[in-house]
Number of protein chains: 2
Amino acid sequence: MQEHASPKLDRRTRKRLATRQAISDSATRLFMEHGFDQVTIDEIAEAADVGRMTVFNHFPRKEDMFFDREDEVREMVFAAIQGREEEMSPVTALRLLAHRCIEDRNPLLPLFGAPLRFVATALASEALKARARQMCSEFTRVLAAMLAESIDRPADDTDAHLLAGLLVATWSVAFFEGYNVADRNGDAEAAGQIFLRLIDRGFQAAAAAVSGTPYV
Amino acid sequence: MQEHASPKLDRRTRKRLATRQAISDSATRLFMEHGFDQVTIDEIAEAADVGRMTVFNHFPRKEDMFFDREDEVREMVFAAIQGREEEMSPVTALRLLAHRCIEDRNPLLPLFGAPLRFVATALASEALKARARQMCSEFTRVLAAMLAESIDRPADDTDAHLLAGLLVATWSVAFFEGYNVADRNGDAEAAGQIFLRLIDRGFQAAAAAVSGTPYV
DNA sequence: ATATCAATATATACTCGGTATAATTTCATA
DNA sequence: TATGAAATTATACCGAGTATATATTGATAT
């Protein structure tokens with residue numbers, strides 16, 4: 001349970017992280033095994049050998065034990081936009097990011113291998129789907145602000161919101177169409193191609209919606 | 001409470017509908033007055049003078065007492081697509097529907113007058129926002145099937161899903177940008193114009209994403 | 001009219017996620 | 001070693017939703 005973590009952290013922090021990890025591990029295992037809705041907080045606490053309140057201490061919502069990498073996605077997208085080369089539009093930067101994710105088999109885009117089970121577990125629970133939609137919704141707002149900021153417009157710029165809405169919608173459709181292929185045919189290569197084709201078409205259309213602006 | 005309803009229905013059905021209406025009325029009033037999350041099922045049952053279980057009998061989820069017109073929206077969209085003139089594309093039919101909604105001050109598009117409070121109440125509750133997102137998500141699937149069926153393609157046609165995703169995303173962004181104007185400036189005319197401008201741009205872009213197909 | 005059956009309403013008791021509060025333990029530090 | 005803050009935990013509570021059993025009410029056949 002202690003995992004000999006980085007010695008930079010003091011014991012208190014190490015123990016806290018270890019407890020958090022124990023809860024997360026138990027929860028993930030139970031969710032995958034029995035389904036999100038079938039696992040109770042008490043069972044997770046029992047499995048992790050902590051008190052019930054400790055679970056809520058680390059994870060305010062049950063869904064937080066399942067979706068644990070929101071920040072990484074946000075930072076990846078932020079880096080792609082900020083770190084793009086001169087004279088490259090933000091939309092192109094995001095399109096290239098999508099291609100890089102497929103190429104690298106990036107697990108933050110869970111279309112291949114083991115992460116497919118993660119997606120299946122999420123799709124089997126109305127609560128998890130609701131949380132995923134909430135994350136998409138919040139991310140769309142953040143993306144709009146990122147895009148606006150990247151070309152020095154105010155964060156509530158209407159073009160940015162339209163563009164962000166279309167980009168996220170495209171990503172979502174592309175992901176699910178790709179997922180369906182991966183899940184039914186088991187063909188990761190085909191899934192990736194479907195995903196990228198839809199990304200390219202959708203992003204191009206999204207760009208057209210704000211043509212004449214510096215977003216494209 | 002009886003409201004001398006249509007005599008076509010038998011007494012049993014009339015009473016059932018009256019009970020449902022009493023619950024809906026009490027709930028709506030309380031939600032608007034105190035906020036969705038601040039009102040308990042027991043308070044609604046008390047106000048409507050029915051038992052707690054009767055409330056759940058008519059409305060399986062608390063959110064169902066707030067969003068009560070899903071079907072009307074679906075049917076309106078369905079009618080617009082099915083009832084379009086020959087040689088008119090489904091996308092154009094939907095674009096015209098948006099313009100007609102603004103022109104008619106259609107309350108199913110709550111951008112003007114009293115329905116603005118309805119939107120504000122929804123936006124103040126995380127539970128209601130979640131339900132709205134769920135409805136959008138399901139509607140996107142239904143719309144994709146409608147679109148595919150309207151040009152005799154299978155319901156799971158990938159182009160239809162991309163198109164539906166972009167159309168719903170556009171509608172959503174256009175609605176919120178319009179709502180913000182209506183809410184802040186109180187200018188219904190300007191709100192309508194913003195909404196329609198975004199609809200036109202987004203729908204055109206969505207059409208571009210599936211250019212070469214009969215959807216456009 | 002009355003017996004009968006099904007739809008509706010209701011009471012009771014329960015599960016589960018989440019909150020509030022207070023007490024206790026554990027670590028860092030002066 | 002004393003002190004205080006962070007972390008854990010127990011207890012009690014709230015509210016949405018479910019299960020189940022019972023009572024009531026209206027429609028219908030005799």
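Lettering of chains follows the sequences in order, A, B, ..., and the numbering in each one begins at 1.
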| said: Would you say A:Asn57 places a side-chain N or O within less than 4.0 Å of OP1 or OP2 belonging to D:dA7? | reply: no
| message | Between P on D:dG15 and CZ on B:Arg61, what's the gap in Å once rounded to a whole number? | response | 18 Å
| message | In this structure, how many angstroms lie between the C1' atom of D:dG17 and the CG atom of B:Asp42, rounded? | response | 12 Å
| query | Is any side-chain nitrogen or oxygen of B:Thr19 closer than 4.0 Å to OP1 or OP2 of C:dA9? | reply | yes
| request: Can you measure from SG (A:Cys136) to CZ (A:Arg131) and round to the nearest 0.5 angstrom? | output: 12.5 Å
| query | Between C:dA11 atom P and B:Ile41 atom CD1, what is the distance in whole Å? | reply | 16 Å
| message | So that I know where these two stand, are B:Trp171 and B:Phe176 an aromatic pair - ring centroids less than 6.0 Å apart? | response | no
| said: Is the phosphate of C:dT8 approached by B:Lys15 (side-chain N or O, under 4.0 Å from OP1 or OP2)? | reply: no
| message | Taking the basic N atoms (NZ, or NE/NH1/NH2) and the acidic carboxylate oxygens, is any pair closer than 4.0 Å for A:Glu177 and A:Arg184? | response | no
| field | Candidate nucleotides C:dC27, D:dA27, C:dT19, ranked by approach to the side chain of B:Asp10 - the nearest | value | D:dA27
| task | Grab the CG-P distance between B:Asp37 and C:dT19 for me, whole Å please. | result | 12 Å
| said: Taking the minimum atom-to-atom distance to the side chain of A:Met53, which one of D:dT9, D:dT18, C:dG17 wins? | reply: D:dT9
| query | Between A:His58 and D:dT8, is there a side-chain N or O to OP1/OP2 distance below 4.0 Å? | reply | yes
| query | Given side chains that start at C-beta, do those of A:Leu97 and A:Arg100 come closer than 4.5 Å, heavy atoms only? | reply | yes
| query | B:Val55 near the nucleic acid: base, sugar-phosphate alone, or nothing, with a heavy-atom cut-off under 4.0 Å? | reply | nothing
| remark: Taken to the nearest whole Å, CD/B:Glu43 to P/D:dG15 is 8 Å
| note | From CZ of B:Arg14 across to P of D:dT25 the rounded distance in Å is 16 Å
| Short side-chain N/O contact to D:dT25 OP1/OP2 from B:Arg12, under 4.0 Å | no
| field | Interatomic distance, A:Leu9 CG vs D:dA6 C1' [rounded to whole Å] | value | 15 Å
| said: Given C:dA20, C:dG18, D:dG15, identify the nucleotide with an atom nearest to the side chain of A:Glu63. | reply: C:dG18
| message | For B:Arg52 and B:Arg20, find the nucleotide of DNA chain C closest to each by heavy atoms; which residue's nucleotide sits nearer the 5' end? | response | B:Arg20
| field | Crowding at CZ, B:Arg153 (>12 non-hydrogen neighbours, <6.0 Å) | value | yes
| task | Could you check B:Phe56 against B:Thr13 and say which one's nearest nucleotide on DNA chain D is further toward the 5' end? | result | B:Phe56
| task | Ignoring the backbone of B:Arg16, work out which of C:dT8, D:dT8, C:dG17 is nearest its side chain. | result | C:dT8
| field | Nearest-Å distance for atom pair CZ/P, residues A:Phe36 and C:dC16 | value | 14 Å
| Is the phosphate of D:dT9, meaning OP1 or OP2, less than 4.0 Å from a side-chain N or O of A:Thr54? | yes
| Taking atom CZ of B:Arg133 as the centre, does the number of heavy atoms from other residues, nucleotides or ligands within less than 6.0 Å exceed 12? | yes
